[in-house]
Amino acid sequence: MTYPMRAQKPFSRAILDWYDSHARTLPWRSLPGVRPDPYHVWLSEIMLQQTTVVTVGPYFEKFLAAWPTVADMAAAPLDDILTAWAGLGYYARARNLHKCAIAVTKEHGGRFPSSLDALLSLPGIGPYTAAAIAAIAFDQPETVVDGNIERIIARLYRIETPLPAAKKEITVAADELTPEKRAGDYAQCLMDIGATICTPRNPKCDQCPVEKACAARAAGDMERFPVKPPKKVKPTRRAVVFWIERPDGHVLLRRRPEKGLLGGMMEFPSTDWREEMISIDAALQEMFGSAALRLDAGETLELVRHTFTHFHLQLRPVVIRLKNARDNRVPEGEWVSSSDFSSRALPTLMQKVVAAVEKGQGSLAL
DNA sequence: CAACCGTGGCC
DNA sequence: TGGCCAAGGTT
């Protein structure tokens, strides 16, 4: 095929040479050739799953300041982890982060294991993250395959098989190129190249240290790879969400179920998320078992729009101002002053609801 | 295997 | 403006 298959060492050497002069300085990254703290590597790798470097930066610093060691994190309440994670998304990562910290503390004496298998058995650590930690933190010659490296390999060999079926083929090819020494630096270098040069669109091939080895570059069809299946249409779900405020200004929050969408995070009570928007009357009936409220003009606020991985959501916020502190029609939950929302595990969707309510002023009395 | 699971930035 | 995409893992 092309030269990298026949000449593994020149390929990895070219990559590492490039890295020594072009490596980005990132908060979790040590100098080339220096082993970083496995706790830092783990924390950053979990945060970086499907998340950009720019987004992760401040969260990484915040977590390290709050929990300097994995034992500190293990000792923290899950809600503190979720609160700190709020806004980062994919909240199962935060729940698994906590589980993993506990497992490392209790079952591994507070030290991360260095073997691929032991790492794979930990919560939230899959094939990519296990290989990344083993290579970067423990200098083991494991093959790291993330989205960047998939793209680089797919272009290098012009792999026509669509993802995710191509994953095995790509991993085999990547494995043949992984160097015995400095596999961690090598992996980070490939990811740097993927993020800055071998980008999904408009790749900067003239800056690439392995341009000459790339089959897609030679054919001039880099952007065709990796081949991906067509996207599915996202349905839209709609609901009424309630900002229920007591006379003392505290607002009702509820905790979502442990698993599933926004699992374990806080929310404003809402009607079920259905395909069709529910009427305000029906929403009041569903939430309070009573529609005995007069609806005046201006009581509803701007529609909150949010897109999740697999559906769009539209929430119609309705503000309810309670006349009495206690009202048995109101569901159970936690009453929180809006000035304390920042210390709560409110996902971005719910922050959008806060913004919509603060921007508007219409309300209903109950 | 395919569905599920967030969010922000880019063009 | 909206689909696409990002240092994936779990079920």
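In this text, all values refer to a predicted model and were calculated from it rather than measured experimentally. Each chain gets a letter, A, B and so on, in the order the sequences are listed, and its residues count up from 1.
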Phosphate-side-chain proximity, A/H306 and B/dG6, N/O vs OP1/OP2 below 4.0 Å | no
Spacing between A/F225 atom CZ and C/dC5 atom C1', to the nearest angstrom = 19 Å
Distance, P atom - from B/dG6 to C/dT1, rounded to whole angstrom | 27 Å
Select base, sugar-phosphate, or nothing to describe what A/P164 touches, counting heavy atoms under 4.0 Å on all strands.
-> nothing
Should A/R93 be listed as having a side-chain N or O under 4.0 Å from OP1 or OP2 of C/dA7?
-> no
Under 4.0 Å between a side-chain N or O of A/K352 and OP1 or OP2 of B/dG8?
-> no
Main-chain N/O of A/E275 paired to A/R238 side chain as donor or acceptor, under 3.5 Å = yes
Value in whole Å for how far the P atom of B/dT7 lies from OH of A/Y90 | 10 Å
Side chains of A/Q49 and A/Y128: is there a donor and an acceptor less than 3.5 Å apart?
-> no
Tell me what A/L26 touches on the nucleic acid: a base, only sugar-phosphate, or nothing, going by heavy atoms under 4.0 Å.
-> base
Return the nearest nucleotide to the side chain of A/T51; candidates are B/dG6, B/dT7, C/dG8.
-> B/dG6
From A/L122 CG over to A/F112 CZ, what is the distance, rounded to the nearest 0.5 angstrom?
-> 7.5 Å
For atom C1', what is the distance between B/dC1 and C/dG8, given to the nearest Å?
-> 16 Å
Just checking A/W85: base, sugar-phosphate only, or nothing, at a heavy-atom cut-off of under 4.0 Å?
-> nothing
Below 4.0 angstrom from OP1 or OP2 of B/dC5, is there any side-chain N or O of A/H310?
-> yes
Where do A/L48 and A/R93 come nearest, in terms of heavy atoms and distance?
-> N-NH1, 4.3 Å
Which value, in whole Å, describes the distance between the P atoms of nucleotides B/dA3 and C/dC4?
-> 16 Å
Between A/D192 and A/H312, name the one whose nearest nucleotide on DNA chain C is closer to the 5' end.
-> A/H312
Between A/R201 and A/L262, which has a closest nucleotide on DNA chain B that is more 5'?
-> A/L262
For A/R95 and C/dG9, is the shortest distance between a side-chain N/O and OP1 or OP2 below 4.0 Å?
-> no
Considering only the P atoms, how many Å lie between B/dC10 and C/dA7, rounded to the nearest integer?
-> 14 Å
Look at A/Q50 and C/dG8 and indicate whether a side-chain polar atom (N or O) is within less than 4.0 Å of OP1 or OP2.
-> yes
Checking all strands, does A/R305 fall into the base, sugar-phosphate, or nothing category for heavy-atom contacts under 4.0 angstrom?
-> nothing
d(OH, A/Y128; C1', C/dT10) in whole Å | 18 Å
Have a look at A/I46 and say if it touches a base, only the backbone sugar-phosphate, or nothing, with a 4.0 Å heavy-atom cut-off.
-> nothing
Hey, does the side-chain of A/T52 have a donor or acceptor N/O within less than 3.5 Å of a partner on the base of B/dG9?
-> no
Going hydrophobic residue to hydrophobic residue with side-chain gaps under 4.5 angstrom, can you get from A/L262 over to A/F311?
-> yes
In terms of side-chain heavy atoms, does A/T178 have a donor or acceptor partner in A/D175 at a distance below 3.5 Å?
-> no
What is the distance from CG of A/L97 to C1' of B/dC5, rounded to the nearest Å?
-> 16 Å
Scan A/K228 against the nucleic acid and name what it touches under 4.0 Å (heavy atoms): base, sugar-phosphate only, or nothing.
-> sugar-phosphate
A/T348 side chain N/O closer than 4.0 Å to the phosphate oxygens (OP1, OP2) of B/dG8?
-> yes
Could you tell me the separation between the CG atom of A/L346 and the C1' atom of B/dT7, rounded to a whole number of Å?
-> 15 Å
Could you give the CG-to-P distance, from A/N202 to C/dC4, as a whole number of Å?
-> 17 Å
Just call it for A/A165: base, sugar-phosphate, or nothing, with non-hydrogen atoms closer than 4.0 Å on any strand.
-> nothing
So, are A/K99 and A/E258 salt-bridged, with charged N and O less than 4.0 Å apart?
-> no
Hey, is the side chain of A/T129 poking within less than 4.0 Å of OP1 or OP2 on C/dG9, counting only N and O atoms?
-> yes
According to a strict under-4.0 Å criterion, is A/Y91 in side-chain N/O contact with OP1 or OP2 of B/dT7?
-> yes
Contact class for A/G263 vs. all strands (heavy atom < 4.0 Å): base, sugar-phosphate, or nothing?
-> nothing
Among C/dA6, C/dA7, B/dT7, find the nucleotide with the atom closest to the side chain of A/R24.
-> C/dA7
In whole angstrom, what separates A/K167's NZ from B/dC1's C1'?
-> 15 Å
Considering just the side-chain nitrogens and oxygens of A/K232, establish if one lies under 4.0 Å of OP1 or OP2 belonging to B/dA3.
-> yes
Nearest whole angstrom, please: distance from the C1' of C/dA6 to the CG of A/L88.
-> 13 Å
Note: for A/Q49 and A/K231 on DNA chain C, the residue whose nearest nucleotide lies more 5' is A/K231
Please determine if A/R201 and A/E223 form a salt bridge, counting it only when a charged side-chain N lies under 4.0 Å from a carboxylate O.
-> no
Ignoring the backbone of A/P200, work out which of C/dC5, C/dA7, B/dC5 is nearest its side chain.
-> C/dC5
